[in-house]
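We number each residue from 1, following the sequence as shown. Indexing begins at 1, ligand by ligand and atom by atom, following the structure's order.
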Amino acid sequence: MQAKKPEHAPQTQFASLDNCLLVGGIPLTRLVHRAGGTPLYVYDKTLLTARMQLLKSLVPVDLRINYSLKANPMPALVGHMAAQVDGFDVASSAEMQTALATVIQPEYISFSGPGKSDAELLQAIAAGVMVHVESLNELRRLDRIAGEHGYPTEVMLRINPDFDLKSSGLRMAGGPKQFGIDVEQIPRILEELDGMYVECVGFHFYTGSQNLNAKAINDMFTKTCELAISLANLPIGSKRQWVRRINLGGGFGIPYFPGDVALDINVVAAHLQDAVVRLKTVIPDVVVEIELGRYLVGEAGIYVTKVIDKKISRGQTFLVTDGGMNHHLAASGNLGQVIRKNYPVLVGNKINKDADQLATVVGPLCSPLDLLADNMFLAHAEVGDLIVVFQSGAYGASASPMNFLSRSPVAEVLI
Ligand SMILES: *Cc1c(COP(=O)(O)O)cnc(C)c1O
């Protein structure tokens, strides 16, 4: 009989030994012992480094690649990334502190996001972190605070363009948005900046996330570059050619679900070569940045739970695990998303066994939404076996309702 493979084969960036998944060269069963048990997230340094090396080998050498801590703020992982990337993007005071504790210089830590408090703005200014200003009111608050304390302050304006990133999982620009300043308001804002204490040095764009379509990303970069060039032509008072930094955003996605095809990074990187040349021709010496989260870390992480009960209910096999949606909201289906799809899942200590058992993997919560795999063909699993959810390095632990049902938080290991 031919070996049955899982219908939704996970990414194969992880090796295996005998029947056990290897993470960072260590068998998963041993790693679980080392970590003090399940449930846990494991992030593989070798894979994190390999992803950045690949990306760096393809994009222009003078394009700066920033990592968005929102995707995974684990301090050890952020420390590892600090040696790989050119900068960080943070979205809270705590993320800012994590970033400031690394070797990245404060001016290459950018602080984005709506709803920054006065206290957070003061922290950023005092640290010399680059604030991406999201509204006119935020700009005025920032200017007042900077002036009061006499801290030299450079800022970038986040633009809400009149286009978005097509075919994105999440759209973050175009139309009315809480993110960025509408592009049509920029001339008036630059007039106001003329009399301000803070100095504006450039623009930030971020129009969407989780995009697997290289053509859509390239179109977005083309439009963003042209918009940046036209905005850079506007003066601030009598000052011309004041733009020194442009952040073009990102939105690179990773494949999660059956049918998803990985982003063709070669096509995007080739286009970025042209985009950076064009920008630097028109705006000499401009620093060009992109910022990525899940693309850099998502595929380097797994979530591991242990089967603590197995039951058959009216013919359907249930594997009940010691962790679920409380640790991995996204894999469970984000609180009942309209069409739930399975993340790639395997039995981590039976990796090469036939996937010939149709099973539903549920977590320990008293909610039908606590689901890690819905009717998937998996290797025959028993109590004590390890269930692995792949593509879990981003938007896992920190993006899950850890307190739900007052259960314990999840451990995280960087290996
Ligand atoms: C969320 C976010 C990112 C990272 O998104 P990914 O999909 O993880 O790459 C980058 N920049 C900004 C402004 C964001 O809000």
Side-chain angles (χ1 to χ4, degrees), residues 43 48 51-52 55 59 63-74 77-78 81 84-92 95-96 98-99 108-116 120 124 129-135 138 155-161 164-174 177-181 202-214 216-217 220-221 224 245-257 260 262-263 265 268 272 288-301 329-330 334 391-400:
Y43 314 118
L48 291 168
R51 172 53 61 98
M52 262 311 289
L55 189 60
V59 302
L63 175 71
R64 299 183 70 98
I65 302 171
N66 299 340
Y67 170 59
S68 297
L69 269 67
K70 182 178 70 179
N72 188 330
M74 184 207 190
L77 179 140
V78 173
M81 294 304 285
Q84 319 283 324
V85 299
D86 301 299
F88 285 138
D89 184 51
V90 301
S92 70
E95 285 188 359
M96 186 163 34
T98 302
Y108 292 113
I109 298 170
S110 55
F111 185 17
S112 307
K116 303 181 195 78
E120 287 173 316
V129 161
M130 175 66 70
V131 175
H132 287 164
V133 177
E134 304 266 354
S135 76
E138 185 175 283
V155 301
M156 290 163 73
L157 302 179
R158 177 166 177 183
I159 308 294
N160 177 23
D164 69 358
L165 176 48
K166 301 282 178 261
S167 55
S168 281
L170 296 166
R171 294 186 176 185
M172 295 176 69
K177 282 285 180 295
Q178 73 267 52
F179 309 112
I181 301 168
F203 300 110
H204 170 225
F205 302 84
Y206 194 80
T207 48
S209 269
Q210 181 44 22
N211 202 305
L212 295 172
N213 183 330
I217 290 177
M220 176 275 292
F221 279 140
T224 303
R245 262 172 86 165
I246 294 174
N247 185 320
L248 297 172
F252 303 5
I254 59 172
Y256 288 104
F257 305 120
D260 280 358
L263 175 66
I265 196 65
V268 173
L272 275 168
V288 187
E289 304 165 278
I290 60 171
E291 62 189 20
L292 304 171
R294 75 186 77 217
Y295 183 79
L296 298 184
V297 300
E299 296 183 73
L329 183 69
N334 280 317
Q391 307 299 80
S392 299
Y395 304 107
S398 73
S400 296

inquiry  = Under the criterion side chain to side chain contact (heavy atoms under 4.5 Å, CB included), I'd like the reasoning laid out for Leu48 against Met81: C-alpha separation, chi angles, the key distance, then a yes or no.
reply    = CA-CA 8 Å; Leu48 291 168; Met81 294 304 285; 4.3 Å; yes
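- Here the heavy atom of the protein found nearest to atom 13 (C) of ligand 1 is Glu291 OE2, 3.2 Å.
- Residue Gly251 places no N or O, backbone or side chain, under 3.5 Å from any N or O of ligand 1.
- Looking at His204 next to ligand 1, no N or O pair under 3.5 Å apart turns up.
- Test Gln210, Arg294, Gln391 against Tyr256 for side chain to side chain donor-acceptor pair (under 3.5 Å) and you get one pass: Arg294.
- In terms of polar-atom proximity, Ser112 is not counted as a contact of ligand 1, lacking any N or O under 3.5 Å from an N or O of the ligand.
- Protein heavy atom nearest atom 5 (O) of ligand 1, with residue, atom name and distance: Tyr206 OH, 2.9 Å.
- Contact record, Val90 with Leu69: CG1-CD2, 4.1 Å, taken as the closest heavy-atom pair.
- Listed by number with element, the atoms of ligand 1 under 4.0 angstrom from any heavy atom of Ser68 are 3 (C), 4 (C), 10 (C), 11 (N).
- The nearest non-hydrogen atom to atom 14 (C) of ligand 1, considering only Arg294, His132, Lys70, comes from Lys70.
- Arg158 approaches Ser112 most closely through the heavy-atom pair NH1-CB, 4.4 Å.
- For ligand 1, the polar-atom distance check against Tyr295 finds no nitrogen or oxygen pair separated by under 3.5 Å.
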key: side chain to side chain contact (heavy atoms under 4.5 Å, CB included) evaluation trace for Met220 with Phe205   = CA-CA 10 Å; Met220 176 275 292; Phe205 302 84; over 6 Å; no
request  = Check step by step if side chain to side chain contact (heavy atoms under 4.5 Å, CB included) holds for Phe221 and Leu272.
outcome  = CA-CA 8 Å; Phe221 279 140; Leu272 275 168; 3.8 Å; yes
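- A salt bridge does not link Lys70 with Glu95: every distance from a Lys NZ or Arg NE/NH1/NH2 to an Asp or Glu carboxylate oxygen is 4.0 Å or more.
- For Tyr395, a nitrogen or oxygen atom sits less than 3.5 Å from a nitrogen or oxygen atom of ligand 1, counting backbone and side chain alike.
- Within the listing of ligand 1, atoms 5 (O), 6 (P), 7 (O) sit less than 4.0 angstrom from a heavy atom of Ser209.
- Atom 9 (O) of ligand 1 has its closest protein heavy atom at Gly293 N, 2.9 Å.
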query = Ile265 and Phe252: side chain to side chain contact (heavy atoms under 4.5 Å, CB included), yes or no, with the steps?
reply = CA-CA 9 Å; Ile265 196 65; Phe252 303 5; 3.7 Å; yes
